Amino acid sequence: MTNADLLARSLAAVWHPCTQMKRHETLPLVPIARGAGVWLYDFNGKRYLDAVSSWWVNLFGHCNPRINAAITDQLGKLEHVMLAGFTHEPVVALSERLAQLAPAGLGHCFYASDGASATEIALKMSAHYWRNQGKPQKTSFISLQNSYHGETLGALSVTDVALFRDAYGALLKQNATVTSPDWRNAGAGESAEDFALRCSSQLEAHLQQHHDSIAAFIIEPLVQGAAGMAMYHPVYLQRARQLCDQYEVHLIADEIAVGMGRTGTMFACEQASPLSLALSPKGRGNENSGTLPSPAGGRGAGGEGRGITPDFLLISKGISGGYLPLSVVMTTDEIYQVFYADEVARGFLHSHSYTGNPLACRAALATLDIFAQDDVLNTNYSKAAYFNRIAAPLREYHKVRNFRNTGMIWAFEVESPHVDFAQRCFALALQQELLLRPMGNTVYFMPPYVIGEEEMQMLVERTLGIVEALT
Ligand SMILES: *Cc1c(COP(=O)(O)O)cnc(C)c1O
């Protein structure tokens, strides 16, 4: 196989996702033959540092020996069995371990394969819960401006990204959005925290008026990924939890991108801070500071008055280490019990062929083993601090705006005269052995957790060079 062979055959036979295929007349596909650690290689041995974790899924590098071994072991035992009426060890073990790791009270796991399906399941479960409770009019949902929760029709109806939505608007249920606490939109002199509180007042006004018809509020905790890594103050999560309780609306935490340690704690919801514990007077939250929660203090939701428990927690992407499609919807016993009855129709009705696939569950269990064995959250804390130090030249570059960091996510906007900045940046990065995939003028890093210091230096130095060339 050569690079050229693969490209020609791919363009003839494969319809690639999120792509205007005609673009590939001028912008070549990138052929990948193999991966190892943070590196991807083509058929000539040319390498790329995977700074976006292959669409935010990879945690411990490509071809990780420990995850490979777990999947290989499982292959020799059981590749798959249906989960309706049957059960198996990997799905049970994974459910038990997730219940221990997640915010307290989320003891029931429902499985699917992709993130969008997890969103669909949570929306259906929420509306069905209210129907079982004699409130069948609670069928609408709210989400944040610029939210992203997947692209199947239900998930797209709570996704607020015009590019993904516009062509399909006629197919979607109309759901409302509320102002995003994204601190880039704070007023002059307004802190990230004050802005988050102001946005939560708007949420309150909306709930006050419409709660009778609203089933759930769905939110990406701390970082809105597809909005361009928009970050916001954790006090918003605390207020959202209080308001949803007050107005009898479910809170769905979509941690598909931010879960599994990405924001510094295992789940972002753990960082929701009550007002009284918020940072120093007029604390500016995440703004420009590269603030990281101390992993010791941030862990253990519920304890120490920190963290919130959503009604539904959605996990996917990193859960299998980036190996196999797997998603989970975790929920509370209170919700579970409302479906537990003699009538079939009161039960939750959602079927998916590959629910709880044993190979994917083993990959997830191996991933959780690595978190424990390598003390990953603490190690990441040090790595992120190192990265923030060496990123100073990038943060201070005069055409870079809003440099920000949460856990193992970094992002900034580039003031560039090029309208096609994202494409140019992507192409220049490839020449420099980097896989970057800017969203508009926002460049972000979301590297696998196994990235080393030399690789971080290379990432910063070369990205700065690319930014200089494009400004
Ligand atoms: C990626 C993502 C999804 C959708 O997951 P898929 O597996 O791509 O369907 C949903 N929500 C968030 C926050 C995501 O980042």
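Keep in mind it's a predicted model, so treat the numbers as computed, not measured. Whatever order the structure lists them in is the order used to number ligands and atoms, beginning at 1.
- In Glu220, the part holding a heavy atom less than 4.0 Å from any atom of ligand 1 is the side chain.
- Phe445 pairs with exactly one of Trp410, Phe387, Phe403 by the ring pair (Phe, Tyr, Trp, His ring centres under 6.0 Å) rule, that one being Phe387.
- Note that the CZ atom of Phe217 and the CD1 atom of Ile219 stand 4.0 Å from one another [nearest 0.5 Å].
- Ranking the protein heavy atoms by distance from atom 14 (C) of ligand 1 puts Lys317 NZ, 2.9 Å first.
- Taking a cutoff of 4.0 Å between a charged side-chain nitrogen and a carboxylate oxygen, Glu413 and Arg404 qualify as a salt bridge.
- At a 3.5 angstrom cut-off on N or O pairs, Ile256 does not count as close to ligand 1.
- By the criterion of a heavy-atom distance under 4.0 Å, neither the backbone nor the side chain of Trp55 is placed next to ligand 1.
- In terms of protein heavy atoms, atom 7 (O) of ligand 1 is closest to Gly115 N, 2.7 Å.
- Checked against a 6.0 Å centroid threshold, the rings of Phe426 and Phe421 do not count as neighbours.
- Salt bridge Asp50/Arg437: absent, no basic N to carboxylate O contact under 4.0 Å.
- The heavy atom nearest to atom 13 (C) of ligand 1, considering only Asp254, Val158, Asp114, is found in Asp254.
- Between the side chain of Thr265 and the main chain of Phe267, a donor-acceptor pair closer than 3.5 Å is present.
- Under 4.0 Å is where a charged nitrogen must lie from a carboxylate oxygen, and between Arg241 and Asp245 at least one such pair does.
- Closest to atom 9 (O) of ligand 1, if we only count protein heavy atoms, is Ala116 N, 2.8 Å.
- Put simply, atom 5 (O) of ligand 1 has protein non-hydrogen atoms near it, under 4.0 Å away.
- Residue His149 approaches ligand 1 through these ligand atoms, each under 4.0 Å from one of its heavy atoms: 10 (C), 11 (N).
- Between Gly150 and ligand 1, no pair of N/O atoms sits closer than 3.5 Å.
- Every atom of ligand 1 is numbered from 1 in the order shown, and the set under 4.0 Å from a heavy atom of Trp56 is 15 (O).
- When non-hydrogen atoms are compared, ligand 1 lies under 4.0 Å from neither the backbone nor the side chain of Glu151.
- Aromatic pair His250/Tyr129: ring centres closer than 6.0 Å.
- For Tyr168, the OH atom sits in a loose shell: 12 or fewer heavy atoms of surrounding residues, nucleotides or ligands are nearer than 6.0 Å.
- For ligand 1, the atoms closer than 4.0 angstrom to any heavy atom of Ala257 are 15 (O).
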